[in-house]
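A short worksheet on the structure shown next.
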Amino acid sequence: MLRSLYPLLCLCALHAPGRPPQGAERGEVVAGVAAHEVDAALYRERVRAMFYHAYDNYLVHAFPYDELRPLTCDGQDTWGSFSLTLIDALDTLLILGNVSEFQRVVDVLQEGVDFDIDVNASVFETNIRAFQTPTGMPFGTVNLLHGVNPGETPVTCTAGIGTFIVEFATLSHLTGDPVFEDVARKALKALWKNRSDIGLVGNHIDVVTAKWVAQDAGIGAGVDSYFEYLVKGAILLQDEELMSMFLEYNKAIKNYTKFDDWYLWVQMYKGTVSMPIFQSLEAYWPGLQSLIGDIDNAMRTFLNYYTVWKQFGGLPEFYNIPQGYTVEKREGYPLRPELIESAMYLYRATRDPTLLELGRDAVESIDRISKVECGFATIKDLRDHRLDNRMESFFLAETVKYLYLLFDTDNFIHNDGSTFDIVLTRYGECVLDAGGYIFNTEAHPIDPAALHCCKKQKEERWEIEDLMREFYSLKRNKKLTLKRTTGQSEGESQNPSVDTSSEDGWIKRNLKNNTKRKISPLSCPNQPFNSKLEVMGQVFLDNT
């Protein structure tokens, strides 16, 4: 089972080694291209070329290993030996419009990726079973064949406990088995229950005793995606409890960790500063703020982070805020996506051209510093741009994807509900592909409507009006086009513009007149989970 359960979701629904470019000092020229209007179409195509340079070299030199080693043009396993880069790149192919290659890869994966293997894998990175603890918080590592090893440490990072609800709730909805969502919620509530009196959580906790082992509180490594999933889980599931948890955390974070639009690390019980450090992983935070509408604070923090990028041509793993420089042994940049992710979200919300400038700077920096013959290499040290022999899978899954979406303003992922598909399931008619996609922490998109299409409770079935108002913000007095799924030739007008001043009437009228329906594979039969996955082979053992 993969870190995002992505195969299941898909089937259901400069070269400069050792030196900076000429004239560059600490990356300033690389990231400081003269300011002018950014040609989004030009950079979109440069990102496309970036993707295929990395993707093709992975297939030629590294597949079926997890990752490409771009300096030696070979591969290595890192997260469990299941061709992780290929799987992580899967939906990026769709976003780039390469449906045929997407289908080819799906066919390859259907031929068999063996998960019953004697290898240890990170629960956070693979999202599998390990929740049978007194607290309901999962172990950090699990053996894919034997389960949790008897000598496994019970100490797990906070993010490793709180980053399941998006995928596991989706899995429960698509299979009809509530156990996955249940264990994810139990883990979230256990973390909430064990927060400090001032409302903060630490970095690592013992999942057996619930004792905090690392008591540094912040928004970065070891904690980050816990906060991310409270927000995204709340949006995906329309869950007030999850959002309430995040908003309470947000108050404590502002009260104790925020200083001049930077976020520091503090002691979780006292709120005293323990590390005046900015970590590159924290750069997701402005994007998360944008999802709750806190745009002004998000932009101010983003601009702080952007100044670091412009200083080095990338974000060092750790940056000492008072000193304004890198931290020893944390000078590298492994081509992480988080600042680009925030730029994409904020650009969708503000259309501020500064955000496109960050995207331009990222393309220029990565191409000039990181590009080698066999792919793109991790930057080992941003001070002199030495390279390391690794290209992590998130480069194709996240960094390139968010860059492309930043520049491709008309991508289907950005659909605002103007077009959508109506499909027929065993429970009735359903709206899909109308936008509002929720990205998991590895940037794999999930269609929220797909979860509602699988609801079996009578009172929740096919309330199309509420579904569309809730997720896709169809506004009154607008002209909309209903995209037909079948029964029309390409280029034919799918439906004349309809006055939606009476939204309910418009929905009912179009549903009534749509006589030709697409029969969806998303039928969500109520059958055992193992039976549901027979087409993909035995994923879980019968006793798990």
Side-chain angles (χ1 to χ4, degrees), residues 4 91 95 159 162-167 169-170 184 188 192 218-220 223-254 257-258 261 263 281-306 336-352 354-355 358-359 397-399 401-403 405-406 409 411 413-417 434-452 469-473:
S4 62
D91 51 31
I95 286 172
T163 311
F164 293 96
I165 191 65
V166 169
E167 295 91 348
T170 298
L188 287 177
W192 175 253
I219 61 170
V223 185
D224 46 4
S225 50
Y226 170 45
F227 297 136
E228 177 189 5
Y229 269 38
L230 288 176
V231 173
K232 291 182 175 180
I235 297 170
L236 180 68
L237 304 171
Q238 295 294 287
D239 191 298
E240 293 182 4
E241 182 182 23
L242 297 181
M243 185 59 76
S244 295
M245 289 180 184
F246 176 78
L247 293 177
E248 286 299 312
Y249 279 130
N250 197 35
K251 291 178 184 178
I253 288 166
K254 287 181 177 180
T257 76
K258 186 179 180 182
D261 299 310
Y263 292 85
L281 285 170
E282 297 170 13
Y284 77 99
W285 189 256
L288 195 65
Q289 288 176 303
S290 75
L291 290 178
I292 62 170
D294 194 4
I295 302 299
D296 290 342
N297 283 320
M299 281 299 298
R300 288 196 294 268
T301 297
F302 176 87
L303 292 173
N304 277 347
Y305 298 167
Y306 188 17
R336 292 197 187 278
E338 283 77 15
L339 190 62
I340 301 164
E341 173 187 0
S342 285
M344 189 275 290
Y345 278 116
L346 282 168
Y347 187 69
R348 299 304 302 174
T350 68
R351 301 297 171 136
D352 188 324
T354 303
L355 299 155
L358 177 278
E398 302 180 69
T399 308
K401 182 183 295 166
Y402 285 131
L403 270 176
L405 289 174
L406 175 62
T409 57
N411 197 278
I413 283 289
H414 300 317
N415 184 9
D416 61 0
Y437 296 94
I438 303 299
F439 287 103
N440 80 342
T441 196
E442 300 296 335
H444 301 307
I446 297 171
D447 186 349
L451 278 65
H452 289 256
R469 279 194 296 263
E470 183 174 353
F471 283 105
Y472 308 121
S473 301

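Side-chain rings of Tyr226 and Tyr249 approach one another, their centers coming within less than 6.0 Å.
The CD1 atom of Ile340 lies 5.5 Å from the OG1 atom of Thr399; values are rounded to the nearest 0.5 Å. Annotation: the span from Glu341 atom CD to Trp285 atom CH2 amounts to 12.5 Å, rounded to 0.5 Å. One distance of note links CD1 of Ile438 with NE2 of His444; it measures 15.0 Å at 0.5 Å rounding. Within the model, atoms CG of Leu358 and CG of Leu406 stand 7.5 Å from one another, a figure rounded to the nearest 0.5 Å. With values rounded to the nearest 0.5 angstrom, Glu282 atom CD is found 12.0 Å from Leu339 atom CG. Rounded to the nearest 0.5 angstrom, Glu228 CD and Phe246 CZ are separated by 10.5 Å.
Ile219 has its side chain out of reach of Asp224: every pair of non-hydrogen atoms, C-beta onward, lies at least 4.5 Å apart. In this structure, Asp91 and Pro445 have side chains that are in contact, with non-hydrogen atoms separated by less than 4.5 Å. Considering only heavy atoms from C-beta on, Leu242 stays 4.5 Å or farther from Lys232 through its side chain. Within the 4.5 Å cutoff, the side chain of Ile253 has heavy atoms near those of the Tyr263 side chain. With contacts defined as side-chain heavy-atom distances shorter than 4.5 Å, the pair Phe439/Met344 qualifies. Taking the side chain as every heavy atom from C-beta outward, Leu230 and Met243 never approach each other to under 4.5 Å. Side-chain contact between Phe227 and Asn250: absent, with no pair of heavy atoms (C-beta onward) separated by less than 4.5 Å. Side-chain contact between Leu355 and Tyr306: absent, with no pair of heavy atoms (C-beta onward) separated by less than 4.5 Å.
Across every non-hydrogen atom of Gly359 and Leu403, the tightest pair is O-CD2, 3.7 Å. Considering every non-hydrogen atom in both Asp239 and Gly233, the closest pair reads CB-O, 4.4 Å. The two residues Pro286 and Thr301 have their closest heavy-atom pair at CG-CG2, 4.0 Å. Closest heavy-atom contact between Ala397 and Ala443: O-CB, 3.5 Å. The minimum heavy-atom distance between Pro337 and Tyr402, with the atom names listed, is CB-CD1, 4.2 Å. Nearest heavy atoms, Ser225 versus Thr163: OG-OG1, 2.7 Å.
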> Are Leu236 and Thr170 close enough, and set up right, to give a side-chain contact (heavy atoms from CB on, under 4.5 Å), and what steps lead you there?
Replying inline: CA-CA 9 Å; Leu236 180 68; Thr170 298; 3.7 Å; yes
>> The test is side-chain contact (heavy atoms from CB on, under 4.5 Å); show your working for Ile235 and Val231 and say whether it passes.
In response: CA-CA 6 Å; Ile235 297 170; Val231 173; 4.0 Å; yes
>> Is there a side-chain contact (heavy atoms from CB on, under 4.5 Å) between Leu291 and Tyr345? Walk through the geometry before answering.
In response: CA-CA 8 Å; Leu291 290 178; Tyr345 278 116; 3.9 Å; yes
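Between Asp294 and Lys254 there is a salt bridge, with a side-chain nitrogen of the basic residue lying less than 4.0 Å from a carboxylate oxygen of the acidic one. Using a 4.0 Å cut-off between charged nitrogen and carboxylate oxygen, Lys401 and Glu398 do not count as a salt-bridge pair.
In this model, a donor atom of one side chain and an acceptor atom of the other lie less than 3.5 Å apart for Glu167 and Tyr229.
A donor-acceptor contact shorter than 3.5 Å links the side chain of Asn304 to the backbone of Asp261. At distances below 3.5 Å, not a single donor-acceptor pair connects side-chain atoms of Asp352 with backbone N or O atoms of Tyr347. No donor-acceptor distance shorter than 3.5 angstrom exists from the side chain of Ser290 to the backbone of Ile295, with no hydrogens or angles considered. Remark: side-chain polar atoms of His414 are paired, donor with acceptor, to backbone N or O of Leu405 under 3.5 angstrom.
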